[in-house]
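A quick write-up on the structure given underneath.
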Amino acid sequence: MKASKMLIATLKEAPNEAQISSHILLIRAGMIRKLVAGVYNYLPLGLRTLNKIEKVIREEMDNAGALEILSSAVQPKELWVESGRWEKYGPELMRFTDRHEREFCLGPTHEEIFTDLVRTEVKSKKNLPLCIYQIQTKYRDELRPRFGLMRGREFIMKDAYSFDLDEKGLDESYQTMYKAYDNVFTRLGLNYQVVLADTGAIGGSGSHQFMALSEIGESDIIYCDCGYAADIEKADSLVDKYRTDEEEKELTVVDTPHAKTIEEISEFLKVTPKDVLKTVVYFNEVTKEPVVVVVRGDRTINEIKVINALNIAEHEIRLATEEEIKAMGSAAGFVSPVGLKVTTLVDEEASLLKNGVAGANKSDRHIMNVNYGRDYQGIVKNFRNAENNDLCPVCGKPLKVEKGIEVGQIFKLGTKYSEPMACTYQTDNGQNVPMVMGCYGIGVTRTMSSIIEQYHDEFGIKWPLNVAPYHAVVVPINYKDETMKEVAENIYEQLKANKVEVILDDRDERPGFKFKDWELIGIPYIIVVGRRAGEGICEFKVRQTMEKTEIEINNAIEIVTNAVKEIK
Ligand code: ATP
Ligand code: MG
């Protein structure tokens, strides 16, 4: 491709709203342009890379025996009612009504559609197991679309769904996909970790997330050298047995004027946050009742564990207002589980703590020596976030924390969709049994951003060769110089003949200007044709390392050709 014929939309600066490297570089390199918040146009260079990422994913899905289909983003309400998610999904679901008052949504995911497809098309158990997938556009009205392609309102996902005869079959399908995901992210050059995950609104019995490791990741990964790794939402840790074997002392009410926060009360009573029961009041929008959650004062509440215990969705819970706390018979800042008659969830550590400090449900008062069982009751479970240096639930050694970007997630769905939607097969004795399902997603556009997060420097993007928009660029220092022009064109033609995706920079611009563009865009090999062109010598620059060497032109052609041949 001749540079003069390309749409090279590089920019010196990205708009202020672009905060992370991948967002800034995607815009500056002219790969994407914002249309509205969370919705982007993909320009030619960006689309080439996106297509290459999709190609890797397609190959691995096909190798794993999955069959590609393509369904619509438009989904009828009826199917979502059948699965029970029309109510449950909340405001992220983009809903609309057609001219006949029929309701639809733009698919944020496709469980309902694929389940419906298989229940109508697959009649015999001979067709099972079956795994089908698509690479298609999804819509989610994210509360805060941000970070460019990382969290869009429109994004591209590869979603696959497996249908098996039984749990054993599902285990096999799940393992096959797990392996395919490993292959995809390895081939894309990502430094990633697989973690145990919560199953969230999609539901089901088991799940893993594939996390690209990055400082800007929005997920906390809790991991241990023994191999245990989980998303913070799911992570477990051993109970810290702090003050668990003291004699239970008598309840004492004390005046604590204006001491509301854990820090204030700890300082006032000369105790540590660990000695205090942190009591937070939520409001369950489904039952329209307050819910009290108790963790030790040094801990934070894991809201996913809370909503899972209540069997509700994330948008169905919120913090209670001061009025609601008052109506419950308490006072904001001085809430305690003692004497309240509301649903109470108690973290294991809080339940074991002897003689803790709690609010008195009255302003400016606290109670000392509060003990679970004797003074209050509730549902005891793990409701805390695991933290750095907590002990590993598998081996007991200290856990560590790291940030990751969720690029993919796989779920064992079981019969969560096949049962309510009657996606069944007939057994030999004529019984209709629901198929056992799995679902498997990769955020394709998010993966593109994640690669940039891991492959960039102060000059721009350093694309791995297999996903770079082009493999190489030939840059004559001065295209008006006859020798340089001829030599550059010659290299360009030879590389093209060798199946290298190559650009000839025939623009009438200063060399520095041209180099900046290619370094920003991240073309892996830059062949500079300059003064020594006549002697058969060029300057050969490798983008990953920014290493520059003067080598023979033939040698440069050979290096690039061989590297391209080896792309997997
Ligand atoms: P998150 O927790 O980041 O909101 P999710 O768990 O809701 O993501 P899934 O339903 O598991 O997402 O979707 C499969 C994949 O699609 C995710 O692993 C992620 O890579 C990608 N993805 C999800 N939401 C977005 C989005 N708003 N923009 C871009 N990619 C997304
Ligand atoms: Mg997910």
Side-chain angles (χ1 to χ4, degrees), residues 20 22-23 26 32 34 36-40 42 50 53-54 57 61 73 85 88-94 106-114 133-161 177-178 181 184-185 188 190 192-204 206-214 216-221 230-234 303-304 307-308 313-315 403-413 416-417 438-453:
I20 61 167
S22 57
H23 189 185
L26 279 166
I32 61 166
K34 183 171 102 172
V36 290
V39 180
Y40 291 87
Y42 297 84
L50 186 62
I53 295 173
E54 290 187 1
I57 297 174
M61 286 300 116
R85 283 210 291 187
K88 212 158 171 133
Y89 213 92
E92 251 183 41
L93 191 61
M94 293 200 188
L106 292 177
T109 172
H110 275 68
E111 281 76 14
E112 282 79 359
I113 305 303
F114 277 62
Y133 79 98
Q134 64 176 346
I135 297 179
Q136 184 259 1
T137 309
K138 299 280 185 271
Y139 294 86
R140 294 185 185 180
D141 198 359
E142 298 273 357
L143 188 59
R144 286 193 297 140
R146 59 190 176 283
F147 299 159
L149 301 185
M150 284 287 178
R151 187 168 297 282
R153 293 198 292 172
E154 179 188 85
F155 61 97
I156 297 173
M157 196 202 283
K158 183 287 300 174
D159 46 334
Y161 305 84
M177 276 295 144
Y178 191 125
Y181 273 46
V184 166
F185 295 121
L188 293 176
L190 280 178
Y192 69 97
Q193 171 142 30
V194 191
V195 306
L196 288 168
D198 183 70
T199 48
I202 289 189
S207 176
H208 287 89
Q209 279 167 341
F210 289 71
M211 298 283 196
L213 302 180
S214 166
I216 61 94
E218 294 185 281
S219 306
D220 281 322
I221 301 169
D231 180 64
I232 183 94
E233 292 182 346
K234 170 86 177 171
E303 293 185 357
I304 299 296
I307 61 165
N308 285 347
E314 241 169 306
H315 68 276
K403 294 254 178 234
I405 305 163
E406 182 196 323
V407 283
Q409 183 161 17
I410 56 178
F411 297 85
K412 285 185 187 174
L413 292 173
K416 172 150 172 115
Y417 295 88
C439 76
Y440 316 90
I442 291 180
V444 181
T445 38
R446 186 183 282 184
T447 296
M448 180 162 161
S449 290
S450 305
I451 296 173
I452 300 178
E453 287 300 330

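First listed ligand is number 1; within each ligand, the first listed atom is number 1.
The closest approach between a heavy atom of Thr447 and any atom of ligand 1 is not below 4.0 Å. At least one heavy atom of Val407 sits under 4.0 Å from some atom of ligand 1.
Partners of Glu54 under the salt bridge (charged side-chain N to carboxylate O under 4.0 Å, His left out) rule, at least two apart in sequence or in another chain, are Arg58.
The heavy atom nearest to atom 12 (O) of ligand 1, out of those in Arg446, Arg140, Lys138, Gln409, is found in Arg140. For atom 26 (C) of ligand 1, the nearest non-hydrogen atom from the set Phe155, Phe147, Phe210, Tyr139 comes from Phe155. With atom 15 (C) of ligand 1 as the reference point, the heavy atom nearest to it among Gly217, Ala212, Gly443, Ser450 is part of Gly443. In this structure, of Glu218, Glu406, Arg151, the residue bringing a heavy atom nearest to atom 17 (C) of ligand 1 is Glu406.
When every heavy atom of Met150 is checked against every heavy atom of Ser22, the shortest pair comes out as CE-OG, 4.0 Å. When every heavy atom of Met157 is checked against every heavy atom of Val444, the shortest pair comes out as C-CG2, 3.9 Å. Considering every non-hydrogen atom in both Leu26 and Ser449, the closest pair reads CD1-OG, 3.8 Å.
A tilted orientation is assigned to the rings of Tyr192 and Phe185, their planes being inclined by 30° to 60°. Between Phe210 and Tyr181, the two ring planes are tilted [angle within 30° to 60°].
Within the protein, the number of N/O/S atoms found under 2.8 Å from the Mg ion (ligand 2) is 2.
Using a 4.0 Å cut-off between charged nitrogen and carboxylate oxygen, Glu111 and Lys416 do not count as a salt-bridge pair.
Counting atoms of ligand 1 from 1 in the listed order, those under 4.0 Å from a heavy atom of Leu149 are 29 (C). Of all atoms in ligand 1, numbered sequentially from 1 with element shown, those under 4.0 Å from a heavy atom of Gly408 are 18 (O).
Between Phe411 and ligand 1, a contact under 3.5 Å exists for no N or O pair. Checked against a 3.5 angstrom limit, the closest N/O atoms of Glu142 and ligand 1 fall inside it.
Side-chain N or O atoms of Arg140 include one that pairs as donor or acceptor with a backbone N or O of Pro108 at under 3.5 Å. No donor-acceptor pair closer than 3.5 Å links the side chain of Arg146 to the backbone N or O of Arg151. In this structure a side-chain-to-backbone donor-acceptor pair under 3.5 Å is missing from Glu233 to Ser219.
For Phe411 and Tyr161, the gap between ring centers reaches or exceeds 6.0 Å.
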